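For reference, the structure is listed below as structure tokens.
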Amino acid sequence: MAAASNFKSARARSRFRQKLLAWYGVNGRALPWRETRDPYRIWVSEIMLQQTRVAAVLDHYRRFLKQFPSVQALAQAQESAVLAAWSGLGYYRRARMLHAAAKKVAHEYAGQIPDSAEALRNLPGIGRYTANAIASIAFAEPVAVVDGNVERVLARMSEVPIAQSELWTTAQNLLDPARPGDFNQAMMELGATICLPGVPECHRCPVKSACCSRGQKLVARTPGAQRLRKSASLKLVMRNGKILLRQRPTSAQLMPGMWELPEYARGIRRQPQLRLKHSITSTDWSINVYTCRASVSSGETWVPLSQLARLPLTGLTRKILRRTNLLA
DNA sequence: GATCCGTGGTG
DNA sequence: TCACCAAGGAT
């Protein structure tokens, strides 16, 4: 018995769908990817939203689509341009895979984005969640999604624990097959805005009458991994409208091929021009930035300031260049 | 199946 | 301040 036992009747599921969708129609946030059914635009949004908050995606989404308005445009782009547009969003492998998938669509699918969840799975970067999200939103295929939001909502609503292996079946049984895209987004919207990870705001919940826990159920969470603290000194060297940067090795595990400020050889102890904190994966960095005279080491390159926006900079590098007004 | 991949907001 | 973590996927 896969379905949560509080949704055993078709009538109960129907009421739930009606309430959830009515709430979503009124309270759903106006987001740019909700104003289109263009599968390309839906696809880009789903990749950007992987493990990334809506607020962090909005700016990048608009700029990315302006620069790469179609799957053909993306397929023809240089990878460095794609990474530059992704700079600051993190998880850069998403951008490389999106780019590779666009090329695959252009060359092996005659430029047509596959229109079923099953076929979408053949594209790099598209797993079970993303395939179902695109298929349901862009093509109205009745396939449910399970993301962190949906998992939490289902766990709280169910009167019995839901095994990991039954999550997808549970979501599928609950799905409104007539409006799969809206239903999936409504479930995620509920989790993102009301059924919050910490303390849920049940008084605002449109489906609290169908909920077994009313927010009392604690959602188990894994103990966080130990974070490392490190510090680094970077140098900011400019001459003749150019800045000294280095490119990370293409063989690097972390952010391969992306550009950053060179390290500042330790020694002279003086006040840095800029201090900042930056967390990256599992390390919390304390960064000191020193302006200094030109002294080029191997592997460092002069880059015209006018080209910075076109380079795949690491997020930290973008942050520093913006704080120092060298980048818009 | 555990681990890795980035970043910025949040309480 | 600091731990947590957000519309996952690949390996």
Side-chain angles (χ1 to χ4, degrees), chain A residues 24 28-29 31-34 41-61 83 86-98 100-101 120-138 144-153 164-165 167-168 171 181-193 195-199 201 219-229 248 252-258 260 276-287 312-320 322-323:
Chain A
Y24 178 68
R29 292 167 290 181
L31 300 172
W33 46 88
R34 290 179 177 166
R41 292 179 169 248
I42 304 296
W43 176 17
V44 171
S45 77
E46 289 299 339
I47 301 299
M48 284 193 175
L49 286 163
Q50 288 172 3
Q51 297 292 287
T52 308
R53 294 175 192 281
V54 166
V57 166
L58 289 172
D59 269 0
H60 280 89
Y61 183 73
L83 286 171
W86 207 270
S87 173
L89 258 188
Y91 287 129
Y92 298 99
R93 192 167 53 178
R94 293 182 297 177
R96 299 177 201 274
M97 290 189 295
L98 175 61
L120 285 162
R121 287 291 295 271
N122 294 321
L123 296 175
I126 297 186
R128 190 177 187 180
Y129 163 82
T130 305
N132 286 12
I134 297 170
S136 63
I137 296 168
V145 299
V146 175
D147 74 331
N149 289 309
V150 174
E151 181 172 353
R152 183 174 60 255
V153 169
Q164 202 69 27
S165 58
L167 270 175
W168 285 84
D182 286 340
F183 181 89
N184 282 333
Q185 293 188 83
M187 286 287 280
M188 295 189 282
E189 188 84 353
L190 186 68
T193 63
C195 197
L196 303 168
V199 181
E201 302 188 7
V219 177
R221 53 193 71 243
T222 57
Q226 186 83 2
R227 297 192 64 80
L228 300 174
R229 299 155 161 275
R248 299 177 60 81
Q253 287 281 347
L254 194 64
M255 298 177 282
M258 299 188 70
E260 60 190 3
L276 51 82
K277 303 286 186 185
H278 189 74
S279 297
I280 187 167
T281 61
S282 59
T283 304
D284 295 331
W285 289 93
S286 297
I287 303 293
L313 304 170
T314 69
L316 170 60
T317 307
R318 273 167 57 91
K319 191 192 283 188
I320 294 169
R322 284 184 165 166
R323 297 257 178 109

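Every value quoted in this text rests on a predicted model; they were computed, and no experiment measured them. Chain A is the first sequence line, chain B the second, and so forth, proteins listed ahead of strands; every chain is numbered from 1.
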Item to check | Whole-angstrom distance between C:dC4 and B:dT3, as gauged at atom P | outcome: 16 Å
Checklist entry - With rounding to whole Å, what would you report as the distance between C:dT11 and B:dG6 at their P atoms? => result 14 Å
What is the distance from [atom1] of [X] to [atom2] of [N], rounded to the nearest Å?
X	N	atom1	atom2	answer
A:Arg93	B:dT3	CZ	C1'	10 Å
A:Arg96	B:dC5	CZ	C1'	11 Å
A:Met255	B:dC4	CE	P	15 Å
A:Arg227	C:dC4	CZ	C1'	9 Å
A:Ile287	B:dG6	CD1	P	16 Å
A:Arg318	B:dG6	CZ	C1'	12 Å
A:Leu316	B:dG8	CG	P	9 Å
A:Asp59	B:dG8	CG	P	12 Å

Remember a base hit wins even if backbone is also touched, and classify [X] as base, sugar-phosphate or nothing at under 4.0 Å, heavy atoms.
X	result
A:Leu89	base
A:Gly191	nothing
A:Ser45	nothing
A:Arg229	sugar-phosphate
A:Trp285	nothing
A:Met97	sugar-phosphate

Next on the checklist: Closest-nucleotide mapping onto DNA chain C: is A:Arg53 or A:Gly127 further toward the 5' terminus? I mean the 5' end.
Outcome noted: A:Arg53
Checklist outcome for this item: Taking for A:Asp284 and for A:Leu123 the nucleotide of DNA chain C with the nearest heavy atom, the one nearer the 5' end belongs to A:Asp284
With respect to the phosphate group of [N], does any side-chain polar atom (N or O) of [X] fall under 4.0 Å of OP1 or OP2?
X	N	result
A:Lys277	C:dC2	no
A:Thr130	C:dG9	yes
A:His278	B:dG8	yes
A:Tyr92	B:dT7	yes

Using atom types as modelled and distance alone, determine if a side-chain donor or acceptor of [X] lies under 3.5 Å from a backbone N or O of [Y].
X	Y	answer
A:Lys319	A:Lys277	yes
A:Arg248	A:Pro256	no
A:Arg94	A:Gly125	no

Checklist entry - Checking only heavy atoms, does the side chain of A:Thr52 share a donor-acceptor pair with the base of B:dG6 at less than 3.5 Å? => result yes
Checklist entry - How about A:Gln50 and A:Tyr129: does a side-chain donor come under 3.5 Å of a side-chain acceptor? => result no
Next on the checklist: Starting the side chain at C-beta, find the nucleotide from B:dC5, B:dG8, C:dG8 nearest to A:Thr281.
Outcome noted: B:dC5
Checklist entry - What pair of heavy atoms forms the shortest contact from A:Arg29 to A:Ala192, and how long is it? => result NH2-CB, 3.9 Å
Checklist entry - OG/A:Ser45 to OH/A:Tyr61 distance, rounded to the nearest 0.5 angstrom? => result 5.0 Å
